[in-house]
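Protein chains get the first letters and strands the later ones, always in sequence-line order, with residue 1 at the start of each.
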Protein chains: 2
Amino acid sequence: MTKIKNMEEFAALSGISRPTVSKYFHDPDSVRPTTRARIEEALERFDYRPNIYAVNQNRKLTKNIGIVVPYLADPFFAEIARYLEQSCIAAGYRPSLFSSHGEQKLENEILDGLQSLKPAGVLLAPLGRTSDRSTIEKFCANVPTILFDSNLDGLGAAFVGSDNFSFVSQTVEYMTRTGEPPSFFEMRTPANPNANKRRKAYVDVMERLGFEPHIIKVDGTGWAFEEIGHRGALKVLQERGLKTDSVLCSNDRLAIGFLAACFEQGIRVGRKEDCSLRVASNDDHPFAKFTCPSLTTAAHDYDNVAGRSVETLFELIESGGKFSTRTETLFPARLVLRDSA
Amino acid sequence: MTKIKNMEEFAALSGISRPTVSKYFHDPDSVRPTTRARIEEALERFDYRPNIYAVNQNRKLTKNIGIVVPYLADPFFAEIARYLEQSCIAAGYRPSLFSSHGEQKLENEILDGLQSLKPAGVLLAPLGRTSDRSTIEKFCANVPTILFDSNLDGLGAAFVGSDNFSFVSQTVEYMTRTGEPPSFFEMRTPANPNANKRRKAYVDVMERLGFEPHIIKVDGTGWAFEEIGHRGALKVLQERGLKTDSVLCSNDRLAIGFLAACFEQGIRVGRKEDCSLRVASNDDHPFAKFTCPSLTTAAHDYDNVAGRSVETLFELIESGGKFSTRTETLFPARLVLRDSA
DNA sequence: ATAAAAACTTTACGCGCGTTAAAAAGTTAA
DNA sequence: TTAACTTTTTAACGCGCGTAAAGTTTTTAT
């Protein structure tokens, strides 16, 4: 099989002129069925594909879409990223996936590098509190961007995420209805803005129900939430710092650590007779089903968050990269009852 | 601040000729310190960066590196990918991360798309048994490729991975030394070639030690290993199919499911007095520390596998994309003793 | 069959930058 | 100061493809 160097050569071999071939690659339906057939026939014989760099150089609007998540080693983001990627591909775009790995510097570098990719649009889940606001602001001014998961006030053309109040109110109400109102277990200085909204929601809901909120704050920074939850739980359990027999963790990864600590300390968790503690959480992490006991949690509406994010981005791209107003779309949680509470 | 359109314009503003500026961007040390200073001064005032598409179009060798993993939602691969990405960046390359999401079709599409990126090299962890050998073969013929994690005989310029025999022999010997020899718990038709090597190693080691191997095969396909392990374990436990009081799981994700099943069935796992079963595994998955009980496992030498992979790729790139012989580098496991065995 | 419309071919320029050759300018060493 | 280098400038071409204008062929409609 001959090696084809460029479109010129391929056009000659297929017996069609180069501009028409170019038109075909831009949109196969834009040429006459007979010529399309001839091109595709040649395509099978010769295995040619346009040079992506030459193509994108001349298009002011590429088919690239950037997907940026704060921490890809977190299966939660890996799952969302998977959905986003596949939606982009289905819509004919080329997604590029990036992880900030929890570091501001890397997030900035990614956004920097993304600009030279001239993406048609970007789906960005920022680090949150540790994001460099000014860098993101500049980036959003140059590239059509949808924020998801973590909201940064006013940045990006729109935000799509989960309704943290819905998460916490459902778990708190369930635990209260079926037993004692829970304490709230969280990191002292969470990077993710959702964590702050969850704490506020917890306080709100507790007060509305006429209970006094108890918040347990554990030390630790970074993204090793299981480790942080584990250490923090051991400390609390040993100091007998729990004022209630039920605990609501800010997120599932902390809860995984919490449950591991309980197990080590011989504390039985669940709603059965012989259990002394109930633990619930938020997110419905992919592994929440396999904790011991399995984790009762408020589940993200993964499909809708991801689906609406890409829909919104496509609308944004078609609107020329600007919306008249910035919208914020929040999806409610779905309570998943398992064995831990 | 003025918007700069191209290098011509930037060169004019900085007072340096375009070819020299071009030279600078290729290698800042290749120009005289004084001119370098003038360029960098202008760079601070004007925020210009070369158009990546125009640059790569003319370079036969880009600075792109493709990283392909079979399933990114598996924290094991997410961790390796993180290391690989960061190593590439440190070496001045632009990594692009892709996940096959467990699907042959997607793996093929990724490799296809990767070719038009004209990468300097690719780090590929193939799906394994479900990979399309001929597609990968063609790809490797066109692009300098290092295989890692899963070996496919003869494909790629080199392979870097873990020594499965070392994994299994350490766990089996440890369990045998401290109690009963283990049964082996695995999927009936594992996609990953490592799984097959581990089974063989198990049989070998058991026979060498004078024990009869017991293999428990559970049904299920896909990458939801926890689910498969969980279901399979429930079945085995209910049918009392365990012939030993110790089990070695083929990998940690199966073990996570296995432990969850034991917990549900009230079976105490560990090496303490009141425990009736010991469970060990292979991989040292990031979550293995937080299972209940924490998981005794043979740990991958993450750093070395990832580090050697990129090193080898860089050597390959510098050698012009071809090695005279294909090498296979295997790193031994490190036994991590925790509570489950 | 014929006019009108649609699709294609030819020709040519432009995108932003790599790269080269020859000329000019700057630097180093004696 | 001068010869020998080294670096920069000038000028020009090429990469592979998008795209536009003008002319030609094919299709569609009457």
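- Set against C:dC8, C:dG18, D:dT8, the side chain of B:Val31 has D:dT8 as its closest nucleotide.
- B:Tyr24 comes within 4.0 angstrom of no nucleic acid atom, judged by non-hydrogen atoms across all strands.
- For A:Phe76 and A:Tyr71, the distance between ring centers is not under 6.0 angstrom.
- Nearest-nucleotide positions on DNA chain C place A:Arg38 closer to the 5' end than the other of A:Ala54 and A:Arg38.
- Distances from the side chain of B:Ser22 to the nucleotides D:dC17, C:dT19, D:dT19 place C:dT19 closest.
- Two residues, A:Arg49 and B:Arg18, neighbour DNA chain D, and the one matched to the more 5' nucleotide by heavy-atom proximity is B:Arg18.
- Atom C1' of nucleotide D:dG16 and atom OH of A:Tyr48 are separated by 7 Å, given to the nearest angstrom.
- Heavy-atom distances to DNA chain D give each of A:Val55 and A:Arg32 a nearest nucleotide, and the one nearer the 5′ end belongs to A:Val55.
- Contact annotation: A:Thr20 side-chain N/O to C:dA7 OP1/OP2 distance is not under 4.0 Å.
- No hydrogens or angles considered: a donor-acceptor pair under 3.5 Å links the side chains of B:Asp132 and B:Thr135.
- A straight line from CD of B:Gln57 to P of D:dC13 spans 18 Å, rounded to a whole angstrom.
- For the residue pair A:Gln86 / B:His101, no side-chain donor-acceptor distance below 3.5 Å is found, with atom types taken as modelled.
- Donor-acceptor pairing under 3.5 Å, judged by distance alone, is present between the side chain of A:Asn58 and the base of D:dC17.
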